[in-house]
**Q** 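Below: one structure in structure tokens.
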Amino acid sequence: MKPAPFEYHAPTSIADAVTLLARLEDEGCDAKILAGGQSLMPMLAMRVARPDALVDLRRVPGLDHIRLQDGHIAIGAMASKRAAELSELVRERQPLFHAATRLVGHQQIRNRGSVGGSFAHADPASEYPAVALVLDMEMVATGPDGERVIPAAEFFVTYMTTALEPGEILTEVRMPVLPAGTGWAIQEITRRSGDLALAGIALTLRIEAGRCTDARIAAFGIDATAVRLGEAEEALRGAAPNGESFARAGAIAAASLADPMSCIHASAEYRRHLVGTLLERALAEAAARAH
Amino acid sequence: MAIDIPTRTDQLPTSATRFIGKAVNRIEDPALVSGTVEFIDNLSLPGMLHCAILRSPHPHARITGIDVSAALELPGVEAVLTGEDVERWCDPCFTAPEGWGNYCLAVGKVRFVGEPVVAVAATSRYIAEDALELIQVEYELLAPVANPDEAMAPGAPLVFESRGTNVIQSRTYTWGEVDRVFAEADRIVTRQFRWNRVGANPTETFGCICQWDLADNSLTCRGAYQTPRFMGIGRAASLRLPANKVKIISHAQGGGFGGKGGPRGTDIAALLSRKSDGRPVKYIEDRMEYLLAGGGQSWDRYYDASLALKADGTVTGFKVRLVDDQGAGAEGYGTISAAKPLAAFTGNYRIEAAFYDLTLVATNRAPTYPYRGYGPPPHNLVLESLMDVAARELTLDPAELRRRNYIRPEQFPYTVPSGNEYDSGNYAAVLDRVLELADYKGLREAQTKARAEGRLVGIGVVSTVEPGVFDWNAYATVGVPGVGVPEGVKVAVDVFGSVTVAVGFNLQGQGQFTIAAQVVADYLGVDMNTVKVTTASTDVALPHFGQGGSRLGVAVTGAILGACEKLRQTFCRVVAHVMQTEPEQIELLDGRLQMKGAPSHGMSIAEVAGLMLSRSDLLPLGVEPCPEATFVWVSPNRNQPDDQGRCRSYLTAAAATHVVQVEIDRDTGQVKILGYYIVDDCGTRLNPANVEGQLQGGVAQGVGAALYEEYVYDPQCQPLVSTFVDYLMPTIHEVPMTVKDHIVTPSPIAPLGAKGCGEGAIHTTPAALLCAINDALAPLGLECRETPASPRRLWQLLHDKA
Ligand SMILES: Cc1cc2nc3c(=O)[nH]c(=O)nc-3n(C[C@H](O)[C@H](O)[C@H](O)COP(=O)(O)OP(=O)(O)OC[C@H]3O[C@@H](n4cnc5c(N)ncnc54)[C@H](O)[C@@H]3O)c2cc1C
């Protein structure tokens with residue numbers, strides 16, 4: 001369990017990092033960005049990932065901020081998940097993202113693992129991509145041509161694949177402040193505490209005058225990427241926020257899944273069922289928060 | 001010189017024990033928590049090379065060609081070892097039963113995924129792994145034997161062609177009038193169970209550094225060796241060396257639990273050293289290697305079992321048919337796990353007749369190894385589950401059914417049908433205490449309420465006996481010969497009165513160094529911090545075994561008491577000579593050798609030792625100037641088994657009852673442990689903190705086996721679990737902190753009345769959890785009879801019903 005040989009680079013500015021990535025690409029050298037290493041290092045050790053070069057972002061300054069910026073919350077890609085977890089701003093203004101963060105691995109993982117790394121890694125069972133879809137988050141990519149902003153709905157392409165170009169670095173993620181009165185919930189089924197989810201649901205729910213006016217729901221752990229559950233969202237619009245409509249939404253969501261993943265811990269059928277159960281429970285949890 | 005080993009603490013030469021029986025701080029811990037313990041991977045020797053192993057990707061294939069030329073050309077590669085070398089220099093590893101073993105590297109064919117095929121020694125592990133990618137191996141695929149059914153089918157491919165069959169052993173044991181009790185039974189309950197593969201997962205995997213001295217033609221192996229002497233003898237046999245040319249230096253181990261294995265890794269590293277001009281070669285098994293093909297897979301079992309009962313709930317007979325998938329041979333002594341249940345086949349109960357139909361089968365899964373507890377965890381799960389089924393059918397409370405059948409206190413020593421003799425116990429007292437501790441009545445009331453709300457809440461009440469202090473005779477029927485497992489120590493007092501205890505084993509986590517220091521300190525009346533416990537390498541150590549079979553705490557206590565007793569006799573002679581009296585007039589008490597009736601006349605231990613080492617002129621004739629003594633302890637009164645395997649095997653019989661309350665989430669199949677209560681009785685608790693650690697750790701592994709862990713293979717025998725992402729060791733979040741209490745029924749025959757206590761919890765927890773789960777499912781008429789009771793499995797059961 002030792003990595004295959006690779007070159008190691010540790011640039012000290014974003015500009016250097018971008019230039020370096022461009023040069024490596026020109027040289028036909030397969031380069032990978034190293035952030036917290038919590039996913040990449042095991043893959044290197046198992047020789048599943050065999051890049052020719054690693055570009056370590058840990059010496060690049062200015063990538064670990066967590067701040068309110070133009071009315072939204074901006075988190076630097078290299079901010080640790082633990083920092084996001086401990087941030088008062090995140091906890092108070094974006095409780096869904098905060099709750100999702102606390103579900104990622106264990107504290108040791110969150111100490112090391114970066115916020116940006118989870119978006120770039122795009123594990124189908126990860127919490128963040130689902131939250132990104134629910135919140136319409138934006139990803140800021142920096143490349144040779146400068147910055148561009150990618151909406152979450154376009155960012156996650158497929159299994160562990162994002163819209164980032166080879167020479168681009170994810171530098172920041174942006175999310176709205178959760179509007180007052182919005183209900184939210186994230187629930188998942190894992191085999192053990194801290195494991196990646198067999199299935200999970202993240203959602204926000206608005207209730208006005210005793211009716212659900214807007215539900216934004218995403219499931220994770222069931223498909224190649226996190227997926228929005230549009231049919232369930234639709235079914236909830238205008239429905240009374242009660243057990244009956246939540247159960248119905250759960251059933252609709254379960255039925256709407258195309259082809260859930262299957263593994264030794266959970267069959268496709270079981271995953272489909274879990275999505276329904278989790279959605280029903282998460283809606284009840286969110287409804288209790290909405291006002 | 002007859003040596004009596006005290007069986008009671010009040011027989012010690014001290015007016016009050018100061019250390020034994022107390023939760024003294026462990027002497028192992030300062031070095032462990034400060035990181036100064038020398039685990040094998042921390043050690044580096046001059047000129048050392050690193051080994052990496054190319055392993056078979058196929059479960060069953062013939063090797064038709066190996067090309068290592070490109071690997072040899074890689075700078076940094078010093079030696080490459082293949083089956084050809086191994087066949088020239090080695091014999092297959094010793095196994096039980098004999099003849100079902102492999103060479104350390106595949107010769108001719110591979111029998112499981114992960115079997116070592118080629119090994120490389122290079123100047124770094126990185127280079128060694130790079131070199132593996134340059135090796136070409138050609139295989140001709142053979143049909144795999146995926147499970148026992150396939151293995152026993154007519155015309156099945158053979159895992160070991162020379163054996164002519166895949167059945168390693170098939171035999172029955174009949175104890176008592178089995179046919180009669182079943183014919184006369186008022187009720188017979190029968191169930192099938194599937195226990196899927198689980199196993200040991202110590203924090204540290206196996207590792208070693210081997211150096212072949214080409215001038216002396218001798219071998220030194222340093223490593224994470226659990227049973228050093230045994231390992232040395234085995235290496236001498238497989239590497240064709242005289243036993244005195246193999247020296248094993250056992251390093252501290254980050255756990256063991258039976259999974260360390262070691263023969264293959266050691267032989268490979270040794271031969272690589274031989275091939276690279278005697279440079280030391282380090283092999284550190286990584287976690288993927290461990291999970292794939294280390295010693296961590298055990299107990300792959302298919303059970304069909306019946307219990308015969310009278311209408312009043314008296315259990316009269318127990319029949320078990322076990323087909324055990326041993327994997328690719330018997331190299332790991334997995335077979336002993338199937339024989340171990342003989343030591344407590346009928347558990348805590350007065351069951352007059354029993355029958356065991358045992359079939360051990362070879363397949364193309366990885367070979368199985370021992371795991372903490374050896375065989376009883378699955379066996380107890382079967383027995384205790386049947387007890388619960390019977391209780392349900394007879395509408396008896398499961399605790400009550402057990403109580404009615406317990407061996408009664410006055411019946412000890414009690415010989416079970418399968419032959420072993422239980423030394424002592426009070427099972428009803430254990431049950432009473434745990435029911436009180438758990439507020440059993442309250443739990444049942446809460447269950448009734450929960451059921452009315454449609455919740456699936458269940459309670460398990462499970463009793464087990466833990467056979468402690470193993471002896472070889474327990475495994476005679478699967479080909480392990482002999483009676484008497486030795487544990488030898490040397491106790492030496494130096495010129496200043498400090499005491500050194502040399503043992504044959506190294507620390508592994510259980511705290512036996514502390515036990516040794518406690519016993520010496522109380523016997524010799526010295527402070528524990530003047531006692532040093534050290535590990536002797538096999539070239540100088542006394543015969544010993546080390547950790548295993550829930551024995552070492554008791555065994556090392558016996559050995560130390562024996563050595564101290566010999567020291568006392570010598571000291572009495574010396575002091576008597578100096579005081580011009582008879583040795584019988586001198587007694588040892590609280591660290592002083594003094595005149596009986598005139599305690600002011602005497603000498604301290606330090607003074608006697610100092611005198612012996614510095615004033616030979618004062619020594620009596622025949623006494624050497626050596627304040628040291630050795631003693632090799634074996635379990636007293638063991639015997640050879642009869643043709644049905646019956647013998648006095650394990651010395652002690654500890655007991656426990658666990659009460660556990662669980663709730664199953666109907667919609668997700670997840671099990672939550674709501675409460676966990678344990679009362680155990682392991683006789684004298686030499687160090688209560690050690691016992692507590694053993695219990696809590698055993699529970700953790702039991703939770704793993706019952707709910708989480710499983711080595712999954714696909715139908716082609718490809719392992720689907722290769723990392724901790726999929727092999728689900730429970731973490732601190734999944735393991736409940738148990739509520740514990742104990743009672744003490746000292747062993748009348750074991751040193752200081754202590755019973756083996758290292759395995760009891762893992763013997764009990766899987767059964768307790770499964771019984772609780774099935775109690776929760778009972779109103780639905782469902783039963784889960786497969787481990788682990790994972791959410792997927794439970795949900796499927798619930799879903800299929802709905
Ligand atoms: C025991 C354990 C449990 C875990 N549990 C969970 C869990 O429950 N949920 C979950 O979501 N994750 C979980 N993870 C994964 C963990 O959250 C990782 O931290 C995360 O996936 C990657 O973050 P990182 O900073 O460690 O990235 P790295 O491992 O360094 O990199 C991951 C990938 O992202 C790329 N990358 C990283 N940063 C950037 C960037 N700024 N721009 C472009 N590309 C980049 C890398 O090139 C690489 O391909 C777990 C990990 C472990 C070890």
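Excluded from the calculations below are hydrogen atoms, water molecules and symmetry mates; all remaining heavy atoms, backbone and side chain alike, are included. Computed from a prediction, not measured in an experiment: that's the story for all the values here. Lettering follows sequence order; numbering is per chain, from 1.
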**Q** Which heavy atom of A:T158 sits nearest a heavy atom of A:A224, and at what distance?
**A** OG1-CB, 3.6 Å
**Q** If you tally heavy-atom pairs under 4.5 Å against chain A, which of B:V725, B:I284, B:D726 wins?
**A** B:D726
**Q** Examine whether an atom of A:P3 lies under 4.5 Å from a heavy atom of chain B, and if so say whether it belongs to the side chain, the backbone or both; otherwise answer neither.
**A** both
**Q** Decide whether B:Q696 and B:T738 meet the rule of one side-chain donor and one side-chain acceptor closer than 3.5 Å.
**A** yes
**Q** For the OG1 atom of A:T162 and the CZ atom of A:F156, what is their distance to the nearest 0.5 Å?
**A** 8.0 Å
**Q** Let me confirm one number: the NZ-SG distance from B:K282 to B:C51, rounded to the nearest 0.5 Å.
**A** 12.0 Å
**Q** Taking the side chain as C-beta and beyond, is there a heavy-atom pair between B:T205 and B:R287 under 4.5 Å?
**A** yes
**Q** Can you tell which part of A:E269 gets under 4.5 Å to a heavy atom of chain B, answering side chain, backbone, both or neither?
**A** both
**Q** Are any non-hydrogen side-chain atoms of A:Q38 and A:K81 less than 4.5 angstrom apart?
**A** no
**Q** Could you tell me the separation between the CE atom of B:M48 and the CG atom of B:L43, rounded to the nearest 0.5 Å?
**A** 7.0 Å
**Q** What residues of residues 100-119 of chain A sit under 4.5 Å from chain B when only non-hydrogen atoms are counted?
**A** A:H106
**Q** At a heavy-atom separation under 4.5 Å, does B:E734 approach chain A through its side chain, its backbone, both, or neither?
**A** side chain
**Q** Which of residues 260-267 of chain A get closer than 4.5 angstrom to chain B, counting heavy atoms alone?
**A** A:I264, A:H265, A:A266, A:S267
**Q** Within this structure, what is the CG-CD distance for the pair A:L203 and A:E285, rounded to the nearest 0.5 Å?
**A** 8.5 Å
**Q** When you compare the side chain of A:D195 with that of B:L728, does any pair of heavy atoms fall below 4.5 Å?
**A** yes
**Q** Can you tell me if B:F724 has over 12 outside heavy atoms packed within less than 6.0 Å of its CZ?
**A** yes
**Q** Got A:E7 and A:L24 here, is their nearest side-chain heavy-atom distance under 4.5 Å?
**A** yes
**Q** Checking B:V721 against chain A: side chain, backbone, both or neither under 4.5 Å from a heavy atom?
**A** side chain
**Q** Let me know if B:Q670 has heavy atoms under 4.5 Å from chain A in its side chain, its backbone, both or neither.
**A** side chain
**Q** Does B:P116 reach the side chain of B:R264, with side-chain heavy atoms less than 4.5 Å apart?
**A** yes
**Q** If we only count heavy atoms from C-beta on, is the A:I189 to B:P791 side-chain gap below 4.5 Å?
**A** no
**Q** Report yes if some heavy atom in the side chain of B:R197 is under 4.5 Å from a heavy atom in the side chain of B:D325; otherwise report no.
**A** yes
**Q** Let's go through B:R125 and B:D286 carefully: what are the C-alpha distance in whole Å and the side-chain angles of both, what is the deciding distance for salt bridge (Lys or Arg N to Asp or Glu O under 4.0 Å) to 0.1 Å, and is it a yes or a no?
**A** CA-CA 11 Å; B:R125 175 73 177 244; B:D286 67 36; 3.4 Å; yes
**Q** Quick one: CD on A:E127 to CG on A:L96, what's the gap to the nearest 0.5 Å?
**A** 11.0 Å
**Q** Measuring heavy-atom distances to chain B, does A:S193 have an atom under 4.5 Å in its side chain, in its backbone, in both, or in neither?
**A** both
**Q** For chain A, which residues from residues 707-715 of chain B lie under 4.5 Å away (heavy-atom distances)?
**A** B:L707, B:Y708, B:V712
**Q** Just do the salt bridge (Lys or Arg N to Asp or Glu O under 4.0 Å) check on B:E204 and B:K260 with the steps written out, would you?
**A** CA-CA 9 Å; B:E204 177 206 41; B:K260 279 284 204 284; 3.3 Å; yes
**Q** Determine the interplanar angle of the B:Y283 and B:F206 rings, folded into 0 to 90°, and report it as parallel if under 30°, tilted if 30 to 60°, perpendicular if over 60°.
**A** tilted
**Q** Any heavy-atom pair between the side chains of B:L49 and B:T123 that's under 4.5 Å?
**A** yes
**Q** Checking heavy atoms, do the side chain of B:S722, its backbone, both or neither come under 4.5 Å from chain A?
**A** neither
**Q** Give a yes or no on whether the backbone of B:E133 and the side-chain of B:D130 come within a donor-acceptor separation of less than 3.5 Å.
**A** no
**Q** Using heavy atoms and a sub-4.5 Å threshold, report which of residues 792-802 of chain B line up against chain A, by residue number.
**A** B:R792, B:W795, B:Q796, B:H799
